[in-house]
Student: 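A single structure is presented below for examination.
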Protein chains: 2
Amino acid sequence: MTDQLTQLKQDFTEGLSQISKFWGFPKGMGAIFGVLYLSPTPLSLDELVQNSGLTKGAISTNVRALSRMGLVRLSTKLGDRKDYYEAETDFYKSIRAILKERQNNEFELAIQSVSKALEKLEEGVGSENETEHQFLLERLRALQSFFDALDGLVKSVVRLEGMGITTVEKILSILK
Amino acid sequence: MTDQLTQLKQDFTEGLSQISKFWGFPKGMGAIFGVLYLSPTPLSLDELVQNSGLTKGAISTNVRALSRMGLVRLSTKLGDRKDYYEAETDFYKSIRAILKERQNNEFELAIQSVSKALEKLEEGVGSENETEHQFLLERLRALQSFFDALDGLVKSVVRLEGMGITTVEKILSILK
DNA sequence: TAGAACGTTTAGTAAATACTAAACGTAGTA
DNA sequence: TACTACGTTTAGTATTTACTAAACGTTCTA
């Protein structure tokens with residue numbers, strides 16, 4: 001392999017590392033995905049060690065996270081007990097998986113914290129000061145309906161089966 | 001103010017802190033926004049110190065970031081040299097501002113790293129091995145067109161003037 | 001049953017990040 | 001000019017996070 005090509009691949013995975021970090025994922029996750037995405041064949045854990053510079057442990061945990069998010073698929077060879085990993089190439093599918101993953105964790109909790117507060121207000125907490133009570137009710141209700149809208153959006157994207165470039169184009173046409 | 005109400009407010013800002021962290025922003029940013037969002041009147045830096053538990057320095061920098069993202073507005077009183085801050089209540093407006101902010105920074109760079117790699121490939125780097133060269137071209141082109149689609153989406157959202165709940169509903173109707 | 005070849009888990013460490021405390025700059029005020 | 005009231009910047013620190021190295025458990029093989 002030419003040095004230039006090696007360099008190109010390194011730059012690419014470096015770029016993906018940045019993207020990964022940017023979206024709040026570990027840098028290494030991006031790097032691992034990058035290596036897999038540029039590989040024509042599935043790679044074993046040891047091959048990933050060689051190509052990414054990370055150690056087994058790090059790759060083991062990161063690759064598991066990637067699998068959960070649907071960005072990486074596990075494959076095996078008959079008579080070979082190694083695990084092999086390959087990059088998912090349908091990014092729209094991945095988006096759905098990632099949203100689904102996030103939905104269950106922190107996202108739902110965020111919504112709950114608002115509705116919990118709202119509940120208490122409606123039960124009468126703080127109603128001694130009527131104007132403030134009214135103000136808080138208003139604000140929290142507005143926030144809740146915003147979250148509900150987002151939640152609905154996320155849920156319907158997660159449900160979506162045939163999402164792809166045409167879906168994006170349809171949305172674009174709405175946004176004028 | 002009742003203890004219950006104080007507690008409710010604290011729980012709420014705690015919740016916003018979590019959300020903030022989740023989306024890759026400092027925890028304190030969420031807390032500051034939470035305090036402002038629950039205040040009927042704009043607050044000064046010192047009032048924020050009292051209500052958020054953070055120090056002046058932290059608030060100064062966080063509030064600036066919030067301003068840039070359009071989540072907080074600065075207001076002043078005549079004959080008073082303090083700065084006063086209030087929460088933006090139009091969240092759709094905020095989304096646009098946040099996307100705009102992010103677009104210019106990391107997001108664009110990510111796209112560039114892909115197209116840079118693609119460029120080199122098309123200039124012939126790595127073409128000694130024809131099948132691999134072809135493979136890499138294919139993969140990078142797919143990734144680039146995905147990024148382009150996202151970029152278009154983000155750009156049109158940023159441009160959007162009257163975004164609101166109806167926009168969300170329109171999109172929902174498309175997603176069936 | 002012993003050994004080898006795996007992936008996983010853990011304990012410790014390095015690196016990144018957000019904060020505090022205090023110095024600082026600047027602009028109003030006596 | 002000196003003093004005060006601000007917001008900002010900086011240097012240092014605490015906390016969090018992601019990683020390494022190594023121990024570990026399990027499964028296959030001789």
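All chains are named by letter (A, B, ...) in the order of the sequence lines, taking the proteins before the strands, and each is independently numbered beginning at 1.
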Student: Regarding A/Q7 and A/D11, do their side chains bring together a donor and an acceptor under 3.5 Å, going by distance alone?
Tutor: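 Checked: A/Q7/A/D11 side chains pair up, N/O donor to acceptor below 3.5 Å.
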Student: Fit a plane to each ring of A/Y37 and A/F91, take the angle between them on a 0 to 90° scale, and name the class: parallel (under 30°), tilted (30 to 60°) or perpendicular (over 60°).
Tutor: tilted
Student: For D/dA21, does either OP1 or OP2 sit under 4.0 Å from a side-chain N or O belonging to A/T55?
Tutor: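 Answer is no, no contact under 4.0 Å.
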Student: Quickly work out the A/I59 CD1 to C/dC6 P distance and round it to whole Å.
Tutor: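 Atom-to-atom, A/I59 to C/dC6, this comes out as 15 Å.
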Student: Once you round it to whole Å, what is the distance between C1' of D/dA18 and NZ of A/K21?
Tutor: 12 Å
Student: Let me spell it out: for each of A/D80 and A/T61, pick the nucleotide of DNA chain C with the closest heavy atom. Which residue's pick is nearer the 5' end?
Tutor: A/D80
Student: Name the residue closer to the 5' end of DNA chain D, choosing between B/A58 and A/R81 according to the nucleotide with the nearest heavy atom.
Tutor: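 Comparing both residues, the 5'-ward one is B/A58.
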Student: Would you list the atom pairs, donor with acceptor, under 3.5 Å between side chains in residues 57-66 of chain B and any protein atom, with sequence neighbours excluded?
Tutor:
| residue | atom | partner | partner atom | Å |
| --- | --- | --- | --- | --- |
| B/T61 | OG1 | B/A58 | O | 3.0 |
| B/N62 | ND2 | B/A58 | O | 3.3 |

Student: Measure the distance from OH on B/Y85 to P on D/dC6 and round it to the nearest whole Å.
Tutor: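 Roughly 13 Å, once rounded to whole Å.
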Student: Would you say A/K82 places a side-chain N or O within less than 4.0 Å of OP1 or OP2 belonging to C/dC6?
Tutor: yes
Student: To the nearest angstrom, how far is B/D83 atom CG from D/dC6 atom C1'?
Tutor: 9 Å
Student: Do B/R141 and B/E122 sit within salt-bridge range, that is, some charged N less than 4.0 Å from a carboxylate O?
Tutor: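 Yes, charged N to carboxylate O under 4.0 Å.
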Student: Calculate the interatomic distance between B/F22 atom CZ and C/dT17 atom C1'; express it in whole Å.
Tutor: 19 Å
Student: Do NZ/NE/NH1/NH2 and the carboxylate oxygens of A/R139 and A/E132 come within less than 4.0 Å?
Tutor: no
Student: Look at all strands and tell whether A/G57 reaches a base, only sugar-phosphate, or nothing, counting heavy atoms closer than 4.0 Å.
Tutor: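 Answer is base: heavy atoms of A/G57 come under 4.0 Å of a base.
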Student: Need to verify one output field. Residue with the more 5' nearest nucleotide on DNA chain C, B/L54 or A/K56?
Tutor: A/K56
Student: Between atom NZ in A/K27 and atom P in D/dT17, what is the gap in whole Å?
Tutor: 17 Å
Student: Which part of the nucleic acid, if any, lies within reach of B/G53 when heavy atoms closer than 4.0 Å are counted: base, sugar-phosphate only, or nothing?
Tutor: sugar-phosphate
Student: Provide, to the nearest angstrom, the distance between the CE atom belonging to B/M29 and the C1' atom belonging to C/dA18.
Tutor: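 The distance from CE of B/M29 to C1' of C/dA18 comes to 12 Å, rounded to the nearest Å.
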